[in-house]
Amino acid sequence: MSQVRLRFAPSPTGYLHVGGARTALFNWLLARKQQGKFILRIEDTDVARSTQESVDAILEGMTWLGLDWDEGPFYQSDNFPLYKEHVEKLISAGKAYKCYCSAEELEAKREKALKEGGKPKYDGTCRNLPQGADDGRPYVVRFKAPQEGTTYWNDLIKGKISFENAELDDLIIQRTDGTPTYNFVVVIDDATMGVTTVIRGDDHVNNTPRQILLYEALEATVPQFAHVPMILGADKARLSKRHGATSVMAYRDMGFLPEAMVNYLVRLGWSYGDEEIFSLEDLIQKFSIENVGRSAGVFNPDKLLWLNAHYIKNGDPVRLAGLLVPFLKERGVTDTAGGPELPAVVKTLQERAKTMLELADGALFYYQQELSYDEKGVAKFFNPETPALLRGLFEKLGAVGELTTVAIEGAFKELCEEKGIKLGQVGPAVRLALSGSTASPGIYEMIEVLGLEETGKRLERAIAKLC
RNA sequence: GGUCCCAUCGUCUAGUGGUUAGGACACCGGCCUUUCACGUCGGUAACAGGGGUUCAAGUCCCCUUGGGAUCACCA
């Protein structure tokens with residue numbers, strides 16, 4: 001059995017969106033699982049709409065997700081001579097012909113046919129014209145498709161799909177300006193690159209029979225096809241900006257982790273029993289194209305958020321700390337050197353943050369000297385007794401030696417016993433003094449991370465400002 | 001309109017002729033608790049409709065309905 005070769009072939013007319021990312025992921029997974037090759041090809045035959053920025057954005061997105069490629073990126077714009085050569089070959093074999101109908105004429109015919117309820121397909125005006133030398137008129141080249149019989153394939157996801165050839169018309173494979181069109185170059189490239197399995201979006205199903213016919217005309221091996229269903233928005237319409245972000249990199253900027261994105265994307269349309277959590281490594285083992293569902297799926301931001309929270313909760317604090325730095329910078333914390341160790345800070349926040357944005361927001365107070373205190377909290381938890389309690393606590397803390405969670409808890413207990421109060425009478429005030437907020441990490445954790453000196457400063461600052 | 005595809009809780013899905021139709025997100029309760037969370041336990045909630053086939057249908061077939069894709073000198 002020869003090795004499988006898969007490819008992801010985006011057109012560089014925008015960023016990498018979630019639908020494209022999922023398609024890329026499925027291709028990558030199958031290649032990795034079957035120890036084949038994963039090829040990246042940039043479909044830039046539409047020179048006018050293709051941009052280098054888009055290419056860069058797509059590569060950045062794939063890299064962020066962890067999808068590496070074995071070959072490429074190849075650019076179709078580098079292959080124009082090759083395509084031309086194949087066009088000539090088809091013409092001389094009588095499998096393609098020059099068509100002199102103008103775009104305007106065709107458009108008019110199409111509209112007329114549509115208006116009369118007919119099929120808007122090419123009427124074959126030039127199909128049987130003698131193919132002599134050019135007479136100087138502009139022309140396109142059309143593929144001479146068979147007009148009878150059926151074309152079918154066994155789609156790896158959708159099963160057998162068949163079309164009547166009579167429904168297909170003679171598609172244009174070369175434009176007036178001599179450049180080739182998509183349906184043609186895709187076939188040439190997949191054939192010459194030895195692609196064995198084409199996993200692509202659902203919206204290509206209708207192109208597939210034409211492409212199969214082209215493979216046959218070219219006497220090339222037809223690959224296997226797998227058409228993955230589309231991703232929809234909450235209103236079941238095609239996912240678009242209206243539903244929220246569609247760019248993969250926008251999710252990074254919104255504080256999502258790549259492993260959450262990968263996990264979410266793969267589960268949208270694919271499943272493995274009752275399991276929900278999958279790493280890329282798991283997926284290489286467990287993924288199979290046969291278990292991809294046939295129907296379109298709604299993108300559910302809540303579930304993505306849940307997965308993100310899961311990965312933050314279980315992530316390595318050191319790694320998360322590294323990822324957090326840019327988000328802290330955005331919030332004005334450019335240097336954490338003067339404050340507590342970032343990984344220690346992260347540990348106190350991991351269970352409380354669903355995104356890196358929340359993690360950054362939650363970490364802010366550790367690095368701020370001037371806190372703004374929650375007013376309602378102050379009114380509720382600060383009273384004339386508070387300064388004495390806070391100072392009493394600080395004394396106890398100074399006496400415990402090493403500031404561990406257990407020792408800190410002991411200090412609180414002792415204080416409460418001595419003063420005959422409950423934890424609730426001092427805890428909230430401490431929380432407010434240290435974090436400025438009524439919602440924060442555990443008090444003991446904060447003291448441990450802040451250290452004795454900084455804890456003392458914060459208690460005194462709060463007393464000075466609030467009492 | 002033609003062609004093609006799709007159809008289990010609100011959402012993602014398991015299910016491959018015999019199940020109390022399972023899990024997850026979300027939602028609602030209980031517990032845990034120094035706040036917020038986490039966690040944990042429990043609950044509400046689905047086979048689009050109609051015909052067949054079969055002893056038996058969410059599972060197979062047909063029709064209806066409803067969604068979607070596509071019909072470019074875009075990809």
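Quick note on labels: first sequence line is chain A, next is B, and so on, each numbered from 1.
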Non-hydrogen atoms of [X] and [Y] that approach each other most closely:
X: A:Tyr311; Y: A:Ser279; value: OH-N, 4.4 Å
X: A:Gly255; Y: A:Phe327; value: CA-CZ, 4.0 Å
X: A:Thr438; Y: A:Arg431; value: O-CD, 3.4 Å

Between [N] and [M], how far apart are the two [atom1] atoms, rounded to whole Å?
N: B:C12; M: B:G68; atom1: P; result: 14 Å
N: B:A57; M: B:C4; atom1: P; result: 31 Å
N: B:C25; M: B:G17; atom1: C1'; result: 31 Å
N: B:A14; M: B:G58; atom1: C1'; result: 12 Å
N: B:A21; M: B:C47; atom1: P; result: 12 Å
N: B:G10; M: B:A48; atom1: C1'; result: 16 Å
N: B:G18; M: B:C36; atom1: P; result: 49 Å
N: B:U8; M: B:U19; atom1: C1'; result: 14 Å

(request) Give the ring-plane orientation class for A:Trp270 versus A:Phe287, where under 30° counts as parallel, over 60° as perpendicular and anything between as tilted. (result) tilted
(request) Report the relative orientation of the aromatic rings in A:Tyr264 and A:Phe299; use parallel for angles under 30°, tilted for 30 to 60°, perpendicular for over 60°. (result) perpendicular
Does the side chain of [X] get closer than 4.0 angstrom to OP1 or OP2 of [N] through an N or O atom?
X: A:Lys303; N: B:U13; result: no
X: A:Lys236; N: B:U11; result: yes
X: A:Arg238; N: B:U70; result: yes
X: A:Lys354; N: B:C38; result: yes

(message) Within residues 406-431 of chain A, which residues have any heavy atom lying less than 4.0 Å from an atom of RNA chain B?
(response) A:Leu423, A:Arg431
Does the pair [X]/[Y] count as a salt bridge with the N-to-O cut at 4.0 Å?
X: A:Arg7; Y: A:Asp189; result: no
X: A:Arg210; Y: A:Asp169; result: yes
X: A:Asp190; Y: A:Arg200; result: no
X: A:Arg267; Y: A:Glu276; result: yes
X: A:Lys396; Y: A:Glu418; result: yes

Can you tell me how far [atom2] of [N] sits from [atom1] of [X], to the nearest Å?
X: A:Glu351; N: B:A37; atom1: CD; atom2: P; answer: 13 Å
X: A:Lys313; N: B:C38; atom1: NZ; atom2: P; answer: 7 Å
X: A:Asp374; N: B:U35; atom1: CG; atom2: P; answer: 15 Å
X: A:Gln174; N: B:C73; atom1: CD; atom2: P; answer: 14 Å
X: A:Asn308; N: B:C38; atom1: CG; atom2: C1'; answer: 16 Å
X: A:Leu214; N: B:A75; atom1: CG; atom2: P; answer: 14 Å
X: A:Asp190; N: B:A75; atom1: CG; atom2: C1'; answer: 13 Å
X: A:His310; N: B:G39; atom1: NE2; atom2: C1'; answer: 14 Å

(message) On RNA chain B, compare the nucleotides closest to A:Glu167 and A:Gln76; which residue's is nearer the 5' end?
(response) A:Glu167
(message) Reading RNA chain B from 5' onward, which residue's closest nucleotide shows up sooner: A:Ile443 or A:Leu304?
(response) A:Leu304
Check this for me: [X], atom [atom1], are more than 12 non-hydrogen atoms of other residues, nucleotides or ligands nearer than 6.0 Å?
X: A:Glu105; atom1: CD; value: yes
X: A:Gln52; atom1: CD; value: yes
X: A:Lys347; atom1: NZ; value: no

Using a heavy-atom cut-off of under 4.0 Å over every strand shown, decide if [X] touches base, sugar-phosphate, or nothing.
X: A:Pro229; result: nothing
X: A:Thr45; result: sugar-phosphate
X: A:Ser437; result: nothing
X: A:Val140; result: base
X: A:Lys121; result: nothing
X: A:Gly442; result: base
X: A:Ser295; result: sugar-phosphate

Quiz question: going by heavy-atom distance under 3.5 Å, is there a donor-acceptor pair between the base of [N] and the side chain of [X]?
X: A:Asn207; N: B:A75; result: yes
X: A:Glu276; N: B:G23; result: yes
X: A:Arg352; N: B:C36; result: yes
X: A:Ser440; N: B:C36; result: no

Could you check which of [options] has an atom nearest any side-chain atom of [X]?
X: A:Arg267; options: B:C73, B:G10, B:U13; result: B:U13
X: A:Arg49; options: B:U70, B:C38, B:A75; result: B:A75
X: A:Met230; options: B:C12, B:G68, B:A75; result: B:G68
X: A:Ala439; options: B:C36, B:A26, B:C73; result: B:C36
X: A:Val298; options: B:A75, B:C12, B:C4; result: B:C12

Between the protein and nucleotides 14-22 of chain B, list the N/O to N/O atom pairs that are separated by less than 3.5 angstrom.
residue: B:A14; atom: OP1; partner: A:Ser271; partner atom: OG; Å: 3.2
residue: B:G22; atom: N2; partner: A:Asp274; partner atom: OD1; Å: 3.2

(message) A:Asp44 vs A:Thr51, test: side chain to side chain contact (heavy atoms under 4.5 Å, CB included). Steps then yes/no.
(response) CA-CA 8 Å; A:Asp44 59 349; A:Thr51 67; over 6 Å; no
(message) Is the base of B:A75 stacked against the aromatic ring of A:His204, taking ring centres under 5.5 Å apart and planes under 30° as the test?
(response) yes
(message) My understanding is that a pair needs two contacts under 3.5 Å, Watson-Crick or G-U wobble. By that rule, which nucleotide pairs with B:C36?
(response) none
(message) Suppose we define a pair by two distances each less than 3.5 Å, Watson-Crick or G-U wobble; what does B:U11 pair with here?
(response) B:A24
(request) With syn defined as a glycosidic angle within 90° of 0 and anti as everything else, classify B:C61. (result) anti
